[in-house]
Amino acid sequence: MVMPNLVKDAAYIAYESTLKKEVLSGEIPQHIAIIMDGNRRYAEEVLGESTIKGHTMGREKLKEVLEWCMDLKVKHLTLFAFSTENFKRDPEEVNYIMELMEKSFYEYADSEEVHKYRVGIKVIGDRNLFPESLLKAVEYAEEKTKDYNELTVYMAVGYGGRQDIANAVRCIAAKVRDGELDLDDIDEDLISSAISTSDIPDPDLVLRTSGEVRLSNFLLWQMAYSELYFTDVYWPGFRYIDFLRAIRTYQQRKRRYGA
Ligand code: IPE
Ligand code: MG
């Protein structure tokens with residue numbers, strides 16, 4: 001039997017509020033990292049629309065996720081928006097996404113909520129790969145929110161985990177060459193301090209949507225001890241209850257850090 005929408009909505013809201021209470025009674029992960037995957041499949045398979053539309057819907061979803069994070073008081077959020085490898089996609093799609101991101105950075109930087117909740121926006125990734133206009137938008141958003149850290153949002157754009165590690169190694173090697181560092185100074189903490197997310201703790205929870213079970217060169221160094229959570233829903237279809245379930249699963253796991 002098909003449930004009438006009203007009943008379904010009421011049931012959904014009740015479930016969401018029960019889940020939220022449950023989650024709030026436990027430890028909220030400080031840093032959540034998300035691989036937002038499945039935009040194109042959502043547009044095509046679920047809506048029967050052109051794949052490119054999925055990216056617009058994915059962007060709308062992101063706004064909601066920011067609200068959920070503020071609601072639950074998550075401190076840090078890292079989002080895999082566009083990988084180094086994604087630049088190999090059809091130029092039309094790449095341009096579409098670049099423009100969408102550009103628009104989003106301006107919109108976030110000027111939005112009332114971002115200033116009210118003091119959301120700091122930062123971008124990690126290779127800026128040499130950005131079109132000039134995207135770079136401007138990124139710098140605008142970073143500058144406008146540089147004093148905020150109630151919630152810090154790292155957008156990974158043109159990002160690759162291996163490239164991140166290679167950059168850190170290059171910085172450290174230069175210091176060794178210049179006599180500022182000794183070979184024996186090189187340890188895990190030093191590498192962590194040279195990595196792109198050095199000013200925030202490593203992710204507690206890494207979540208990927210769309211049913212793919214892989215890390216795709218995301219925060220490789222940083223996720224050594226993260227809890228991983230994979231869900232089948234496509235990113236634009238991700239709901240608050242899916243997010244809450246991911247956190248509840250995280251809370252049910254016992255982190256032992258190898259001990
Ligand atoms: C994720 O969705 C967004 C980006 C990588 C830009 P996809 O574009 O990878 O969509 P699917 O995975 O092909 O459905
Ligand atoms: Mg994908």
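Order of appearance sets the numbers: ligands from 1, and atoms from 1 within every ligand. By convention here, the first residue in the shown sequence is residue 1.
Rounding to the nearest 0.5 Å gives a distance of 11.0 Å between CD of E188 and CG of L190.
A donor and an acceptor atom, one from each side chain of S192 and W221, are located under 3.5 Å apart. Looking only at atom types and distance, the side chain of D199 has a donor-acceptor partner in the side chain of Y154 under 3.5 Å away. Y42 and S210 share no side-chain donor-acceptor pair at under 3.5 Å. Residues S83 and N86 bring a donor and an acceptor atom of their side chains to less than 3.5 Å of each other.
Aromatic ring centres of Y106 and Y140 lie closer together than 6.0 Å.
Residue E212: no N/O/S atom is found under 2.8 Å from the Mg ion (ligand 2).
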Could you walk me through whether L62 and M155 pass the side-chain contact (heavy atoms from CB on, under 4.5 Å) check? CA-CA 11 Å; L62 184 52; M155 290 288 276; 4.0 Å; yes
Enumerate, one pair per line, all nitrogen or oxygen atoms of ligand 1 lying under 3.5 Å from a protein nitrogen or oxygen, stating the separation to 0.1 Å; write 'none' if no such pair exists.
| unit_1 | atom_1 | unit_2 | atom_2 | d |
| --- | --- | --- | --- | --- |
| ligand 1 | 2 (O) | G38 | N | 3.3 |
| ligand 1 | 2 (O) | N39 | N | 3.1 |
| ligand 1 | 8 (O) | R40 | NE | 3.4 |
| ligand 1 | 8 (O) | R89 | NH1 | 2.7 |
| ligand 1 | 9 (O) | D37 | OD1 | 3.0 |
| ligand 1 | 9 (O) | R89 | NH2 | 2.9 |
| ligand 1 | 10 (O) | N39 | N | 3.2 |
| ligand 1 | 10 (O) | R40 | N | 3.0 |
| ligand 1 | 12 (O) | D37 | OD1 | 2.7 |
| ligand 1 | 12 (O) | G38 | N | 3.4 |
| ligand 1 | 12 (O) | R41 | NE | 3.4 |
| ligand 1 | 12 (O) | R41 | NH2 | 2.7 |
| ligand 1 | 13 (O) | R40 | NE | 2.8 |
| ligand 1 | 13 (O) | R40 | NH2 | 3.1 |
| ligand 1 | 14 (O) | R40 | N | 3.3 |
| ligand 1 | 14 (O) | R41 | N | 2.8 |
| ligand 1 | 14 (O) | R41 | NE | 2.8 |

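The closest approach of D37 to the Mg ion (ligand 2), by N/O/S atoms, is made by OD1.
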